[in-house]
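To start, the structure itself, in structure tokens.
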Amino acid sequence: MAMARIRLFLEHPMGAGQTLPLGKEQAHYLFGVMRLAVGDRLPVFNGRDGEWMAEVAEAGKRAGSLVCLEQTAPLRLPPDLWLAFAPIKKERTDFIVEKAAELGAARILPVQTEFTNSGRVNRERLQAHAVEAAEQCGGTHVPDVADLAKLSDFLAACPAERQIMFCDETLAGASLPARQVLAEAGRGSWAVLIGPEGGFSEAERERLHALPQAHPVSLGPRILRADTAAVAALTLWQDVLGDWNG
Ligand code: SAM
């Protein structure tokens with residue numbers, strides 16, 4: 001009985017003795033690619049019931065099933081942190097979603113700003129990247145990837161108590177250190193907001209600066225690519241207000 005090196009997300013309730021049916025793709029991956037066989041074990045999770053050790057009960061070319069044996073980790077929710085970002089080129093948008101899942105964003109919301117190039121995102125593909133990132137990083141939670149929404153709609157729907165870490169590239173280096181801004185605003189529900197390659201428009205910047213829940217921050221003296229900025233901002237937030245330090 002080999003202990004597989006993999007970890008699998010399965011959309012199915014999990015509990016002791018629970019049978020987990022496998023679809024064609026999952027069966028191909030486990031039995032065709034990873035060469036698992038009946039009796040082999042692997043960790044599985046569904047984003048709600050924690051992580052479970054499961055055993056291969058049936059292994060076929062196009063189907064199969066696992067049985068949950070025991071819970072190996074409880075559900076661990078990330079902090080109440082959203083990432084709202086303007087989509088950029090496809091591969092880099094995929095990268096942002098993958099890093100946001102690894103860095104502990106609870107929700108990922110693509111927002112369309114005035115200078116956003118892409119007018120649509122493939123939500124299913126981005127959600128699959130979030131699942132893969134959770135499988136790889138040992139997470140038991142999978143962030144939900146929302147449909148693309150206009151920035152104005154995102155701001156209108158954003159609850160007043162959710163603080164916004166507004167990454168404003170025009171502040172580059174010329175404002176209070178972001179760490180101090182975050183610490184003074186304190187813990188609670190937050191959203192990191194990252195603009196597109198073209199940056200925020202003047203009108204967007206004025207609106208955001210006037211928003212009581214928005215905290216404009218600089219990510220240093222250099223202008224970062226949007227994907228770099230997303231990683232930097234999430235890292236900073238997690239270190240100051242998140243779950244990285246117990
Ligand atoms: N076209 C803009 C310019 O030249 O000023 C750059 C936009 S930057 C590529 C994309 C986004 O990353 C910005 O809208 C902002 O949210 C964030 N960002 C990049 N560098 C930053 C910095 N030094 N401080 C704060 N935010 C930054």
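Each ligand, and each atom within it, is numbered from 1 in the order the structure gives.
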Worksheet item: Under 6.0 Å between ring centres, would you say that holds for His141 and Phe45?
Response: no

Worksheet item: Do Glu161 and Ser189 have a side chain donor and acceptor closer than 3.5 Å?
Response: no

Filter the ligand 1-protein atom pairs down to N or O on both sides and distance under 3.5 Å, then list them.
{"unit_1": "ligand 1", "atom_1": "1 (N)", "unit_2": "Glu197", "atom_2": "O", "d": "2.7"}
{"unit_1": "ligand 1", "atom_1": "14 (O)", "unit_2": "Glu169", "atom_2": "OE1", "d": "2.8"}
{"unit_1": "ligand 1", "atom_1": "14 (O)", "unit_2": "Gly195", "atom_2": "N", "d": "3.4"}
{"unit_1": "ligand 1", "atom_1": "16 (O)", "unit_2": "Cys167", "atom_2": "O", "d": "2.7"}
{"unit_1": "ligand 1", "atom_1": "16 (O)", "unit_2": "Gly195", "atom_2": "N", "d": "2.9"}
{"unit_1": "ligand 1", "atom_1": "20 (N)", "unit_2": "Leu224", "atom_2": "N", "d": "2.9"}
{"unit_1": "ligand 1", "atom_1": "23 (N)", "unit_2": "Gly220", "atom_2": "O", "d": "3.0"}
{"unit_1": "ligand 1", "atom_1": "23 (N)", "unit_2": "Arg222", "atom_2": "O", "d": "2.8"}
{"unit_1": "ligand 1", "atom_1": "24 (N)", "unit_2": "Leu219", "atom_2": "N", "d": "2.8"}

Worksheet entry | Test ring-ring contact (aromatic ring centres under 6.0 Å, His included) applied to His215 - qualifying residues, sequence neighbours left out |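 With sequence neighbours excluded, His215 shows a ring-ring contact (aromatic ring centres under 6.0 Å, His included) to Trp190, given in chain and number order.
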
Discussion item. Evaluate Thr140 against Glu51 for side chain to side chain donor-acceptor pair (under 3.5 Å), listing each step before the verdict.
Written reply: CA-CA 6 Å; Thr140 53; Glu51 179 191 273; over 6 Å; no

Worksheet item: Heavy atoms, side chains only, cut-off 4.5 Å: are Asn46 and Trp52 in contact?
Response: no

Discussion item. I'd like to know whether Asp94 forms a side chain to side chain contact (heavy atoms under 4.5 Å, CB included) with Arg125, so could you lay out the CA-CA distance, the side-chain angles of the two residues, the decisive distance to 0.1 Å, and finally the verdict.
Written reply: CA-CA 8 Å; Asp94 294 351; Arg125 198 188 78 247; 2.5 Å; yes

